[in-house]
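Encoded as structure tokens, the structure appears first; notes follow it.
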Amino acid sequence: ITQEYFNATFSFFRHSFPYDYTSPFYFILTLILTVLLVQFCSNSIIIVDGLFGWFVYNISAHLQIMRLKLEQLLQLHVEDPNFNRDFVAFVNYHREIIDLTLELDAVYAPIIFLEVTSSSLPICFFAYQLSYLSDPANVPFICLLLSSIVLQLMIYCFGGEKVKNEVHT
């Protein structure tokens with residue numbers, strides 16, 4: 001492999017490592033470490049977003065159950081001996097749902113903040129690159145990256161909207 005061919009083919013490695021990555025051993029080592037890092041990052045993102053989805057659906061299901069319990073409670077008369085017991089159970093269940101949402105907020109507020117702030121910079125850079133495009137062959141790549149960032153941000157918007165809709169129905 002000539003240096004010119006290597007730089008043209010693997011230009012994403014240029015000026016990235018403090019060692020000579022053109023030798024076969026270091027190139028393979030760098031490639032393996034890069035693949036492992038990308039795999040670790042993608043798995044971490046999938047796990048965090050997946051847990052967020054499960055949290056949102058859990059809270060949504062609890063809100064639906066609470067709505068059904070309220071409908072059952074409204075069918076009882078105040079004079080019914082089970083009314084006080086069911087009303088106290090309903091209030092306690094509502095407190096548990098509030099605690100669950102506060103736990104979701106405590107866990108995911110910093111994650112969502114970092115997600116939004118760290119995604120804003122690449123969105124700005126990609127939009128700038130699209131406006132001053134020198135090579136039209138980069139358009140699909142930039143659009144794919146932009147759409148993946150926006151899709152990941154929409155996951156959190158969808159979850160918040162789902163819980164908000166459950167509260168207001």
Side-chain angles (χ1 to χ4, degrees), residues 1-65 95-169:
I1 298 177
T2 64
Q3 186 69 30
E4 291 80 26
Y5 173 77
F6 184 84
N7 286 338
T9 308
F10 302 104
S11 62
F12 53 89
F13 282 147
R14 200 172 336 146
H15 307 295
S16 300
F17 302 102
Y19 49 84
D20 180 25
Y21 50 82
T22 58
S23 69
F25 173 75
Y26 286 119
F27 177 76
I28 292 172
L29 179 68
T30 302
L31 188 64
I32 290 171
L33 290 176
T34 303
V35 167
L36 288 176
L37 179 66
V38 168
Q39 183 69 31
F40 172 76
C41 290
S42 63
N43 286 343
S44 300
I45 290 169
I46 290 169
I47 289 169
V48 169
D49 291 347
L51 285 175
F52 179 78
W54 282 107
F55 247 129
V56 165
Y57 277 103
N58 190 355
I59 290 172
S60 178
H62 280 295
L63 289 170
Q64 289 174 2
I65 291 169
R95 287 182 182 157
E96 289 176 13
I97 294 173
I98 290 173
D99 290 341
L100 184 63
T101 56
L102 290 176
E103 183 180 346
L104 173 72
D105 187 47
V107 170
Y108 275 93
I111 293 171
I112 293 172
F113 174 75
L114 287 174
E115 181 82 30
V116 170
T117 54
S118 66
S119 296
S120 299
L121 194 61
I123 288 173
C124 292
F125 282 138
F126 290 140
Y128 178 80
Q129 284 180 354
L130 279 176
S131 65
Y132 294 102
L133 196 60
S134 61
D135 185 11
N138 287 334
V139 171
F141 177 71
I142 292 172
C143 289
L144 182 66
L145 286 175
L146 272 173
S147 63
S148 68
I149 292 171
V150 169
L151 182 66
Q152 189 168 4
L153 289 175
M154 286 175 55
I155 290 171
Y156 296 108
C157 294
F158 169 75
E161 193 67 28
K162 181 163 180 55
V163 171
K164 188 174 95 173
N165 286 340
E166 283 297 327
V167 168
H168 292 296
T169 55

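What you see below is based on every heavy atom in this structure, not just the backbone, and it leaves out hydrogens, waters and symmetry mates. Values in this document were obtained by computation on a predicted structure and should not be read as measured data.
Checked against side chain to side chain donor-acceptor pair (under 3.5 Å), Q129 has no partners two or more places apart in sequence or in another chain. E103 pairs by the salt bridge (charged side-chain N to carboxylate O under 4.0 Å, His left out) definition with nothing, not counting sequence neighbours. Evaluation of the side-chain contact (heavy atoms from CB on, under 4.5 Å) rule for S120 yields V116 as partners, not counting sequence neighbours. Scored by the side-chain contact (heavy atoms from CB on, under 4.5 Å) test, L144 finds S147 as partners (sequence neighbours excluded). Listed by chain and number, the residues in a side chain to side chain donor-acceptor pair (under 3.5 Å) with D105 amount to none (sequence neighbours excluded).
Residue pairs that meet the side-chain hydrogen bond (donor to acceptor under 3.5 Å, both in side chains) test with at least one member in residues 136-145, sequence neighbours left out, do not exist here. Residue pairs meeting the salt bridge (charged side-chain N to carboxylate O under 4.0 Å, His left out) criterion with at least one partner in residues 32-61, sequence neighbours excluded, do not occur; the list is empty. Annotation: ring pair (Phe, Tyr, Trp, His ring centres under 6.0 Å) contacts involving residues 109-132, sequence neighbours excluded, comprise Y128-Y132. Among residues at least two apart or in separate chains, ring pair (Phe, Tyr, Trp, His ring centres under 6.0 Å) pairs with a member in residues 136-169 are F52-Y156. Judged as a salt bridge (charged side-chain N to carboxylate O under 4.0 Å, His left out), the pairs with a partner in residues 156-169 (not counting sequence neighbours) are, in order, R67-E166, E161-K164.
Using a 4.5 Å heavy-atom cutoff, the side chains of I123 and L153 are in contact. Counting heavy atoms from C-beta on, the side chains of V163 and L104 never come closer than 4.5 Å.
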Which donor-acceptor pairs under 3.5 Å do side chains of residues 53-63 form with protein atoms, sequence neighbours excluded?
residue, atom, partner, partner atom, Å
N58, OD1, H62, NE2, 2.9
H62, ND1, Y93, OH, 2.6

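The CG atom of L114 lies 8.0 Å from the CD1 atom of I111; values are rounded to the nearest 0.5 Å.
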